[in-house]
Amino acid sequence: MMKIGDRTVNLAEGDGSFAGGLVIEGGRRLEGEIKVQGAKNSSLPVLAAAYLCGGESVIHNCPALSDCYAACRILSSLGCRCKREGSTVIVDSGGTEGFSVSESLMSKMRSSIVFLGAILGRTGRCRLSFPGGCELGPRPIDLHLDALRRLGVRIIEDHGVLDCTSGERPFHIDITLSLPSVGATENIMLYCALGEGETVIYNAAREPEIADLAEYLNRCGACIRGHSSSTIVINGVKSLHGCSFGVMPDRIAAATYMGACAATGGELVLSGVSSKDMYSCMSVFSEMGCGVYPYLDKLYISAKKPLRSVRTIRTTPYPGFPTDCQPIVMAVLCRASGTSMIVENIFENRFMAAPELLKMGADIKLEGRVAVIEGVRQLLGARVRAKDLRAGAALTVAALGAQGTSVVSNLHFIDRGYESIETVLSSVGASIKRV
Ligand code: UD1
């Protein structure tokens, strides 16, 4: 059992998600300090990697999110022992050779696909179905599969099930990704970390979470170089082992709390953050008129001045502006004087918050991948529905700054990425409760 906010969850049975909604009384300035959670997008591949490495891994700063529970359930189904003590997850993956993940577990989240590289790397065999997750438009895994095929893996696709068997891995292989996919980069790293041969990934994703995964694997005995750059070199090793590792801070959660601060004219200190990973977001909030000051592992933000519109924001792979922060910034820009424009280049369906923001009185026009936001003086509380994880966070941010009461439903999406969001926001003065 464990406590999340004022709720107790059974790690073995619960999935950490809670149906229902958030009731938010808007218009309260947020003030105080928030300790930012560990990164979801790093925890998930690291948990998968704990299977690859074998032995016992002690993973600190692993947030209590429904996605992390889902990853632990996959690990348990593979025969690992997995337990949570506060924000630490201990995975013992010794002595198991499980290679199959059920469709019901795979369908919980898109990132379950990283188990493919991890399982295949360890056992030489993997059977799983196509992953689920937020509906952000088509989210194919062709790059993952093409790369694995080039690495000698035989893949049979049958009615949504992938049956993969390792073959002879080339002694040296260069893999150039046609786009820097985060998941594909992770899967190649996971598959190639153990075994023989040198793999070079060109046009690799440079997201900080990739570097975090490489750090974890290296600590487990892997030989990976160049992570953080677009050329990653993986030299396979004969064996890996467990280790103790601290997951990096969640830059998207940090940006969400920056958004909540900006939307309420507040003043926050975010602690346990890595500002160097957040420059593109920080500069957008500065341009809106917020004071943004990083200092060591803290980030101070104040929004005392009225918000201004910003120059066109274009989502791009890291180090560009992150697609995950786009809906959150959109919610803030709804009340920034002037016209702002956002071009979404990564996912097709990532404007899911926009129609809901209109219900709150926002002025947003969508044209394909472009959103034009005309700042309005005030948003009004409304009943709105989260249609994906970051859209849910965006609506929460908008509701905090709106006049009157809002209800944000479909809370299970928000629980995928935010650890007890209502507890965190209440602690800095928000009127927010889970119903
Ligand atoms: C990861 C993040 C997600 C973030 C995204 C982009 C995790 C758990 N999730 O998702 O929060 O929004 O990176 O920063 O880390 N694509 C293909 N073929 C493929 C793979 C991807 O066409 O085989 C396309 C996707 O449809 C998308 C783009 O490439 O348009 C980026 O996807 P990718 O970087 O793979 O994102 P994810 O790893 O799914």
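In listed order, ligands and their atoms are each counted from 1.
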Next item on the list: Under 4.0 Å, heavy atoms only, figure out whether ligand 1 is touched by the backbone of Ser111, its side chain, both or neither.
Entry: side chain
Notebook entry, point to check: Will you find, in the side chains of Asn235 and Glu198, an N or O donor that is under 3.5 Å from an N or O acceptor?
Noted result: yes
Next item on the list: Report yes if the side chains of Ile155 and Cys164 come closer than 4.5 Å at any heavy-atom pair, otherwise no.
Entry: yes
Note to self: If you measure every N or O of Glu186 against every N or O of ligand 1, does any of those distances drop under 3.5 Å?
What the structure shows: no
Check: With only distance considered, is Leu143 within less than 3.5 Å of ligand 1 through an N or O on each side?
Finding: yes
Item checked: Test log, rule side-chain hydrogen bond (donor to acceptor under 3.5 Å, both in side chains), inputs Tyr418 and Thr396 -> CA-CA 12 Å; Tyr418 296 87; Thr396 305; over 6 Å; no
Check: Where on His144 is there a heavy atom closer than 4.0 Å to ligand 1, on the side chain, on the backbone, on both, or on neither?
Finding: both
Next item on the list: Using distance alone, decide if ligand 1 has a nitrogen or oxygen within less than 3.5 Å of any nitrogen or oxygen in Asp142.
Entry: yes
Check: Given that the side chain starts at C-beta and the backbone is N, CA, C, O, which of these parts of Tyr318 lies under 4.0 Å from ligand 1, counting heavy atoms, or is it both or neither?
Finding: neither
Notebook entry, point to check: Nearest heavy atom to atom 8 (C) of ligand 1: which of Ile252, Asn41, Leu213 does it belong to?
Noted result: Asn41
Notebook entry, point to check: Where on Arg350 is there a heavy atom closer than 4.0 Å to ligand 1, on the side chain, on the backbone, on both, or on neither?
Noted result: side chain
Checklist line | Numbered atoms and elements of ligand 1 in range of Gly183, under 4.0 angstrom, heavy atoms | finding: 35 (O), 38 (O)
Notebook entry, point to check: Can you tell which of Thr323, Val182, Ile346, Leu389 gets a heavy atom nearest to atom 34 (O) of ligand 1?
Noted result: Val182
Note to self: Looking at ligand 1, is there an atom of it that comes within less than 4.0 Å of some heavy atom belonging to Glu209?
What the structure shows: no
Next item on the list: Would you please say whether a donor-acceptor pair under 3.5 Å links the side chains of Glu344 and Thr315?
Entry: yes
Item checked: Pick from Ser178, Gly417, Ala205, Pro140: the one approaching atom 22 (O) of ligand 1 most closely through a non-hydrogen atom -> Pro140
